[in-house]
Amino acid sequence: MLDPQLLRNQLADTVDKLKLRGVELDTEAFESLEAQRKELQVATEQLQSERKQRSKSIGQAKAQGQDIQPLLDEVSAMGDQLDQHSARLSEIQGQLQDIVTGLPNLAHESVPVGASEDDNVEVDRWGEARQFDFEVQDHVALGEALGGMDGETAARMAGSRFTLLSGPVARLHRALAQFMLDMHTQQHGYREFNVPLLVNAQTMFGTGQLPKFADDAFITTDENERYLIPTAEVTLANLVADTILTPEQLPMRVTAHTACFRREAGSYGKDTRGMIRQHQFEKVELVQITRPDQSYEAHEELTGHAEKVLQALELPYRKIVLCTGDMGFASSKTYDLEVWLPGQNQYREISSCSNCEDFQSRRMKARWRNPDSGKPELVHTLNGSGLAVGRTLVAVLENYQQSDGSITVPEVIRSYMGGLKSIS
RNA sequence: GGAGGAGUGGCAGAGUGGUUGAAUGCACUGGUCUUGAAAACCAGCAGGGGUGAAAGCCCCUCGGGGGUUCGAAUCCCUCCUCCUCCGCCA
């Protein structure tokens, strides 16, 4: 959520910055609502104040044994007026709230301006695409030939966008997740969490999934509606919801390996082959909670932690910075890591690392006590995939394939596979 | 699923209709004292919001929401969470 003060005091400037994100805000309508809010709120609080004072004086008069009936009549009349005012006020505030919660975060000044993914900027490239002296296959052909990947049976039991893994391929998938988790906890200082996969609406609101993107999430139908998390970012960031952290607790680095669930509404026909885009996939997520003045440093660091996984697996990738028009709703700045997939002859996203500044913490009421001011102030939140496990499996299958269709197991993964060097 | 109990400031814990946003203790911060520390003593110390150039003034919040009342931490309804016991169950 944007700071409401920005919209009140620097409206024109904020509207300009929102335009870069591809969002048009009706300035006039907003200003009109805001003016009404101000007037109503002042009036309502004034009435509350008067009522409070008079009620107190009734208490005092009664204690002194005076006749309080005239006072009672007078204050009674105020009640109706107050009710009217506060009803109208909450209506206006609700309308303002609807507008504000639907606005995306503003982009950091270092983010390239652009309208779509075509305007994203490559900032780094690591590794070299392997040269094959045979015809490469994609992960689906490889996985099926190995007898370890089955989309048809999965579709029969669950529908499209699900994949069954089995045997050594399933084990490789598991090994990759274990490897990532171990690297982040043992080398990068993250604390491992095992988190709920179902959360309430409040929690989804905190990280920005609600109310605007309700259609993207799976929701339960029992009386207490719960959402299946689309990413562990939701649970990890919400660890600090409604809390005031001490300076010593920052930065907080947390990670979790979870299943993630996405409806992929609106992506019909996109990436239908294989396990690039699934309703259910696994991901090792990295989240950092930092002091505001250290979040951009942490953003570079966190992205580096994700890159370390790709480097250890010797998977070629490039790092791009998303332009203002292509960033996620809550983000101020996002790096995407795209891994080289020989089977598709292109780079595909395998990690997305974002600094959300105080956009999520304002929604979550996540604060720290700044020793300089002595006051609670909003923390900054960052998240990144480290990495998407399913897509990492895809990348390993395609990059490590041999002419006979077997897969060489990456060296760093072998100890997680009982020393296995090759899957055939 | 059934029966009972409980949710108050960072923590503990008073408070059952009227200057209570809240006693007291601990913790924390500053000061006095001390060579220094401790102890003792003094003082400060919830969060959110509105308005204002600022100082300040004002409003809201005692798990969430609603109600009764001139007035609610206190009474009523409802939901949530936690604890104990019974039942069921991975």
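Here is the naming used below: chain letters follow the sequence lines, and residue numbers restart at 1 for every chain.
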Q: Starting at the 5' end of RNA chain B, write a dot or bracket for each base, bracketing those in Watson-Crick or G-U wobble pairs whose two distances are under 3.5 Å and using | for partners on another strand.
A: ((((((((.[[[..)..(.....]]].(((((.......))))).((((((....)))))).[[[[[..)....]]]]])))))))....
Q: Please identify each residue that fulfils ring-ring contact (aromatic ring centres under 6.0 Å, His included) with A:His305, with sequence neighbours left out.
A: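 Testing A:His305 for ring-ring contact (aromatic ring centres under 6.0 Å, His included), a comparison that skips the adjacent residues, returns A:His188, A:Tyr190.
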Q.
Could you check whether any side-chain N or O of A:Thr185 sits under 3.5 Å from a backbone N or O of A:Leu181, counting only pairs where one atom can act as donor and the other as acceptor?
A.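 Between the backbone of A:Leu181 and the side chain of A:Thr185 there is a qualifying donor-acceptor contact (under 3.5 Å).
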Q. Can A:Asn200 and A:Thr203 be counted as having a side-chain donor-acceptor contact under 3.5 angstrom?
A.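 Side chains of A:Asn200 and A:Thr203: pair found under 3.5 Å.
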Q) Would you say the side-chain atoms of A:Glu357 and A:Tyr296 include a donor-acceptor pair closer than 3.5 Å? A)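 On atom types as modelled, these side chains qualify, holding a pair under 3.5 Å.
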Q | A:Glu109, CD atom: more than 12 neighbouring heavy atoms under 6.0 Å | A |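 12 or below, so no.
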Q: May I ask you to check whether over 12 heavy atoms, not counting those of A:Arg191, lie within 6.0 Å of atom CZ?
A: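 Counting neighbours around CZ of A:Arg191, 12 or fewer heavy atoms of other residues, nucleotides or ligands fall under 6.0 Å, so no.
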When you compare [N] with [M], how far apart are their [atom1] atoms, in angstrom units rounded to a whole number?
N	M	atom1	value
B:rC80	B:rG65	C1'	10 Å
B:rG7	B:rU16	P	13 Å
B:rC45	B:rA3	P	47 Å
B:rU68	B:rG10	C1'	35 Å
B:rA6	B:rC76	P	12 Å
B:rA38	B:rC33	P	15 Å

Q | Cationic N near anionic O, under 4.0 Å, A:Arg8 to A:Glu31 | A |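 A salt bridge is absent here (no side-chain N lies under 4.0 Å from a carboxylate O).
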Q) Between A:Arg262 and A:Glu264, is there a salt bridge with N-O shorter than 4.0 Å? A)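 The answer is no: the pair does not qualify as a salt bridge.
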Q.
Treating primed atoms plus P, OP1 and OP2 as sugar-phosphate and everything else as base, which nucleotides of nucleotides 57-67 of chain B get B, S or - for protein heavy atoms under 4.0 Å?
A. -BSS-------
Q. For A:Arg54 and A:Lys365, take the nucleotide of RNA chain B holding the closest heavy atom to each; which residue's nucleotide lies nearer the 5' end?
A.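 It is A:Lys365, whose closest nucleotide lies nearer the 5' terminus.
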Q. In terms of the nearest nucleotide of RNA chain B, which residue is placed more toward the 5' end: A:Lys375 or A:Arg226?
A.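 By nearest-heavy-atom nucleotide position, the 5'-most residue is A:Lys375.
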Of the options [options], whose atoms approach the side-chain atoms of [X] most closely?
X	options	result
A:Ile58	B:rG50, B:rG48, B:rC70	B:rC70
A:Arg369	B:rA46, B:rG52, B:rG48	B:rA46
A:Gln41	B:rG47, B:rG50, B:rC70	B:rG50
A:Lys56	B:rG52, B:rU19, B:rG47	B:rU19

**Q.** Aromatic centroids of A:His279 and A:Phe218 separated by under 6.0 Å
**A.**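 Centroid distance A:Phe218-A:His279: below 6.0 Å, so yes.
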Q: Report yes if the distance between the aromatic ring centroids of A:Phe359 and A:Phe329 is under 6.0 Å, otherwise no.
A: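 Yes - the distance between ring centres of A:Phe359 and A:Phe329 falls below the 6.0 Å cut-off.
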Q.
Taking any heavy-atom pair under 4.0 Å as a contact, classify A:Gln5: base, sugar-phosphate, or nothing.
A.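 Sugar-phosphate, backbone atoms only, no base.
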Q) Does the side chain of A:Arg37 get closer than 4.0 angstrom to OP1 or OP2 of B:rU51 through an N or O atom? A)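 Answer yes for this pair, as a side-chain N or O of A:Arg37 is under 4.0 Å from OP1 or OP2.
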(Q) Without decimals, in angstroms, what is the distance between A:Leu47 CG and B:rU51 C1'? (A)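 A:Leu47 atom CG is separated from B:rU51 atom C1' by 16 Å.
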